[in-house]
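Here is the structure we will look at.
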Amino acid sequence: MDMMKRVPIREQDPKVRATNFDEVCLGYNEEEAVAEAKRCLQCKKPLCMQGCPVAIDIPAFIKKITERDFRGAAEVIARSSALPAVCGRVCPQESQCEGKCVRGIKGEPVSIGKLERFVADWSRENGFVPAAPEKTNGKKVAVIGSGPSGLTCAGDLAKMGYEVTIFEALHEPGGVLTYGIPEFRLPKDTVVRSEIENVKKLGVKIETNVIIGKSVTIDELMEEEGFQAVFIGSGAGLPKFMGIPGENANGVFSANEYLTRNNLMKAFRDDYDTPIEKSKKVAVVGGGNVAMDAARTALRLGADVHIVYRRSEAELPARVEEVHHAKEEGVIFDLLTNPVEILTDENDWVKGMVVRKMELGEPDASGRRRPVEIPGSDYTIDVDTVIMSLGTSPNPLISSTTEGLEINKRKCIVAEAENGQTTKKGVFAGGDAVTGAATVILAMEAGKAGARGIDEYLKNQ
Amino acid sequence: MYRILKAEQLADKIYLMDVEAPRVARVCQPGEFVIVKMDEVGERIPLTICDFDRERGTVTIVFQIVGASTYKMSFLKEGDAFRDFVGPLGQPSEFVKEPIEEVKKRRYLFVAGGVGAAPVYPQVKWMREHGIDADVIVGSKTKVLLLLEKEMEAQAGNLYITTDDGSYMRKGMVTAVIEDLVKNQGKTYDVCVAIGPMIMMKFVCKLTKELGIHTIVSMNPIMVDGTGMCGACRVTVGGEVKFACVDGPEFDGHLVDFDLAMKRQQMYRTQEGRAMLKAQEGATHHGGCGHCGGDN
């Protein structure tokens with residue numbers, strides 16, 4: 001084989017998968033994984049590890065794969081990550097571990113993400129479960145939110161011996177892994193649920209249907225329910241809208257609503273009661289991973305789908321792999337195009353969208369070239385559904401009900417990066433609630449930092 | 001699981017249940033709501049809180065069958081349980097958050113239409129507990145659909161009942177009663193709280209604006225999560241977009257864009273109707289008659 005090239009990954013055929021919600025990527029089998037693992041140079045100073053926010057010992061687990069010691073590989077990963085089956089699927093490896101891989105200088109980097117996924121899937125299929133600590137230290141910690149940062153923080157604390165309870169506002173744990181990322185990228189019953197079960201097997205309790213700030217406050221948790229420290233990993237759940245005319249018409253959704261209906265409420269399945277719009281032609285406004293998820297979901301529900309994005313392809317914030325998959329499946333990209341108005345019929349249903357052509361000007365604060373309107377370039381596209389995917393911001397429910405918890409002007413909780421310490425004693429925070437919308441792995445890194453911070457804080461109590 | 005301690009049918013298609021939900025019962029206030037999910041496949045349904053018992057840890061909900069999920073819920077009996085029951089959600093009523101001396105200076109009129117009697121009841125009860133006699137108008141289509149008459153009677157200062165068809169007490173709409181009280185009986189009110197069908201709230205607001213009475217309404221739009229996450233419940237109030245689940249559900253009725261809100265409520269109407277037929281008729285609906293288009 002050509003060692004410069006990766007072992008190709010098997011995927012569902014684009015034409016077939018555009019009509020189902022099964023996972024797109026089929027993963028490596030044992031032979032493929034071993035062959036790919038053998039491409040690893042086992043660098044003395046592994047740069048890939050520097051690229052991993054949770055510092056998984058990448059060369060070590062890959063070496064175990066070459067030895068066909070898959071259980072050993074799983075043990076190496078489990079030391080650093082509680083959610084390998086998730087990370088192997090949704091981490092932006094191209095800009096992290098794989099982006100630093102020495103193999104990538106002359107050829108293709110080692111498929112570290114796909115190997116991690118292989119090990120995690122092997123563990124699940126072979127019943128390998130991380131061991132719970134023999135006894136707890138009797139100290140209670142509350143974790144708010146069961147998304148990637150909360151699960152990671154809870155898992156780490158449980159391994160250290162703390163008694164951890166996660167409070168989740170929705171009826172299913174998982175946060176964005178459950179309500180946001182679709183089935184075809186991250187299967188819920190197999191991958192997400194089993195990783196959450198693994199965290200529970202470490203001794204973590206999860207109480208669903210509790211909205212911190214409404215059902216109970218942080219102060220009450222600490223004063224009345226005996227929690228000695230709290231980690232806030234409540235994410236960034238509030239959707240943004242553009243503020244253009246017609247945006248409240250029937251048929252205009254936030255990506256959050258569209259994806260929640262489909263992923264959390266399983267509207268795509270006939271046996272679930274929650275409805276979702278059966279659209280014919282959909283415009284998804286935005287160019288991030290969430291926009292790709294919404295577009296590919298609408299496509300699978302039977303619509304013609306356009307991504308409407310105001311900059312050019314080079315500036316798309318979505319992962320290259322997601323853009324590539326979306327194109328393969330038939331999503332059409334209307335780039336350098338920005339919505340101006342949503343047109344409605346007499347019953348206030350969407351019947352079209354006026355858009356304006358844009359061109360790129362000077363770089364803006366984000367370093368990307370700023371989109372500039374081209375006067376007189378407006379035209380109307382024929383759509384019956386518009387999905388707004390413009391980013392999200394943190395929910396103020398917790399910050400507004402917790403005395404002494406400072407937020408910044410972006411409504412994000414102020415917390416130290418290295419240990420998650422907030423402005424309130426005993427309260428730590430991390431993930432999107434602190435940084436604004438980011439990635440699963442960065443939230444996990446913050447969850448680990450929070451666990452370290454809480455451990456140090458409680459040891460000194 | 002959240003156990004049902006009592007389940008009774010109040011009227012045609014209208015049901016009352018006491019549900020064990022200690023976290024909600026401990027802190028809920030008039031004006032707030034809950035979301036229930038009956039089972040794994042059910043929808044998340046927002047429901048107003050009709051009553052609560054902090055000691056028993058129970059919350060009383062009242063619901064009307066409007067779609068497949070509420071239809072299935074109507075079969076739940078004492079001893080059954082909801083899979084999920086979360087709350088309290090939304091903001092408490094304005095008066096709960098205000099200094100009681102200020103609230104006591106005002107004269108309150110509550111107007112309830114149909115199932116709206118359920119969310120109005122805890123507010124009137126709150127008034128009674130704080131020594132305030134509030135006037136209450138309860139409107140119903142017809143006598144057998146009238147809800148909570150005895151309970152309301154025990155908490156209200158004066159209770160005025162009206163039915164659209166005149167089958168019980170007064171005949172006519174709630175707006176006619178408001179006009180009668182203010183114009184003929186010389187009553188004055190500082191605050192009106194009107195909760196009921198959107199069209200009723202719209203016309204009450206039109207009237208109270210003319211009469212110069214500050215009016216609060218409770219919006220019940222389509223929701224999914226109920227925590228501000230999805231934005232399905234957006235309503236336009238005073239030209240601004242608000243989320244009913246976190247900013248409301250109660251708003252200044254004179255600022256609410258009811259026409260837009262009513263159109264948004266229609267969004268899933270046909271889909272809900274189909275889902276309900278499927279729930280009622282089971283597999284037989286799949287075949288379809290070929291005439292109604294319900295299978296397309």
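In the text below, chain A, chain B and the rest are named by the order of the sequence lines, each starting its count at 1. For the numbers below, each heavy atom of this structure counts, side chains included, while hydrogens, waters and symmetry mates do not.
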Go through the atoms of [X] and report whether side chain, backbone, both or neither lie under 4.5 Å from a heavy atom of chain B.
X	answer
E207(A)	side chain
E172(A)	side chain
N248(A)	both
Y258(A)	neither
A249(A)	backbone

Run F167(A) and F227(A) through ring pair (Phe, Tyr, Trp, His ring centres under 6.0 Å) and show every step you take. CA-CA 12 Å; F167(A) 295 97; F227(A) 291 100; 5.8 Å; yes
Chain B shares the most heavy-atom pairs under 4.5 Å, among R261(A), K266(A), M388(A), with R261(A)
Below 4.5 Å, heavy-atom pairs only: which of N256(A), T208(A), T274(A), N250(A) has the largest tally toward chain B? N250(A)
Residue [X] versus chain A: region with a heavy atom under 4.5 Å:
X	result
V24(B)	neither
R264(B)	both
L89(B)	both
Y2(B)	side chain
K37(B)	side chain
E40(B)	both
R44(B)	both

Are the ring centres of F75(B) and Y15(B) closer than 6.0 Å? no
Side chain to side chain contact (heavy atoms under 4.5 Å, CB included) for D51(B) and Y121(B)? Distances and angles first, verdict last. CA-CA 7 Å; D51(B) 204 355; Y121(B) 174 72; 3.6 Å; yes
When rounded to the nearest 0.5 angstrom, what is the spacing between [atom1] in [X] and [atom2] in [Y]?
X	Y	atom1	atom2	result
C205(B)	L255(B)	SG	CG	9.5 Å
M223(B)	E43(B)	CE	CD	13.5 Å
T58(B)	E20(B)	OG1	CD	8.0 Å

Among I35(B), V86(B), D39(B), D259(B), the residue with the most heavy-atom pairs under 4.5 Å to chain A is V86(B)
Note: E220(A)-K214(A) ion pair, threshold 4.0 Å (strictly below): no
Is M73(B) close to F82(B) at the side-chain level, that is, under 4.5 Å between some pair of heavy atoms? yes
Report the relative orientation of the aromatic rings in F95(B) and W126(B); use parallel for angles under 30°, tilted for 30 to 60°, perpendicular for over 60°. tilted
